[in-house]
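In what follows, a single structure is set out as C-alpha cells and then discussed.
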Amino acid sequence: MSANSSLKLHAKELIQAQRLLLTGLVQARKDRRMTQGDVAAAMGVSQSAVAQFEHYDSNPTLGTIRRYAMAVGADVTFDVKRRGSFQVLQRMSQPLVAETKKSFVNWDSKTMTVSGELTDA
C-alpha cells in the first residue's frame, strides 16, 4: 500500500469514528425521548445550534461534545491508539508523542478527572 493510499485510509477511518460518535450521541438523545429543544435548554443554546451539531458534517469542539453528552446523559470515551505505520510527520525533527496509553475521562457537573499517561518522545 502506498503512503498516499495509507493516509487516505487513515483519514477515512478517523472521519468514520467521528460520525459514529455523533450518531451515538443523537441516538442517546432519542433513546431518552428528548427533543432538540430539550437538549438546547439543558445546554443553554438554541434549538438550531443543536440541529447544527447533529448534522452529519458538523465539526464540533470537544467542549461542545462534552456539553451535549451531559445534556443527554451519555458517557463519551476517547481512545488514542498508536498506528502501525506513521508517515505524516516525517518532516518534523522528532515526534510529539512517543507512546500513548488509553485515557479515561469522567465528567460530572463540576469536575473532570483524567487518568492515563502520555510519554514524551
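Worth knowing before you read on, the calculation uses all heavy atoms, side chains too, and leaves out hydrogens, waters and symmetry mates.
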Please tabulate, for side-chain N and O atoms in residues 16-23, each donor-acceptor pair with protein atoms closer than 3.5 Å (sequence neighbours left out).
unit_1 : atom_1 : unit_2 : atom_2 : d
Q18    : NE2    : S58    : O      : 3.1
T23    : OG1    : R19    : O      : 2.8

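- In plain terms, the two heavy atoms of L25 and V72 that are nearest each other are O-CG2, 4.2 Å.
- Residues meeting the side-chain contact (heavy atoms from CB on, under 4.5 Å) test with K30, sequence neighbours left out: V26, Q27.
- The shortest heavy-atom contact between R29 and M34 is NH1-O, 2.8 Å.
- Between G73 and R32, the closest heavy-atom pair is O-NH2, 3.0 Å.
- Residues R33 and D38 approach most closely at O-OD2, 4.3 Å, considering heavy atoms.
- Annotation: side chain of F78 is in contact with side chain of L62 (closest heavy-atom distance under 4.5 Å).
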Are F53 and I65 close enough, and set up right, to give a side chain to side chain contact (heavy atoms under 4.5 Å, CB included), and what steps lead you there? CA-CA 9 Å; F53 172 90; I65 292 168; 4.1 Å; yes
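- In this structure, the separation between OG1 on T64 and CZ on R66 is 8.5 Å, given to the nearest 0.5 Å.
- No more than 12 heavy atoms of other residues, nucleotides or ligands sit less than 6.0 Å from atom CD of Q52.
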Hey, mind stepping through Y68 and E54 against side chain to side chain contact (heavy atoms under 4.5 Å, CB included) and telling me if it holds? CA-CA 10 Å; Y68 186 100; E54 292 183 356; 2.5 Å; yes
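- At a threshold of 4.5 Å between non-hydrogen side-chain atoms, the residues E13 and K8 do not count as touching.
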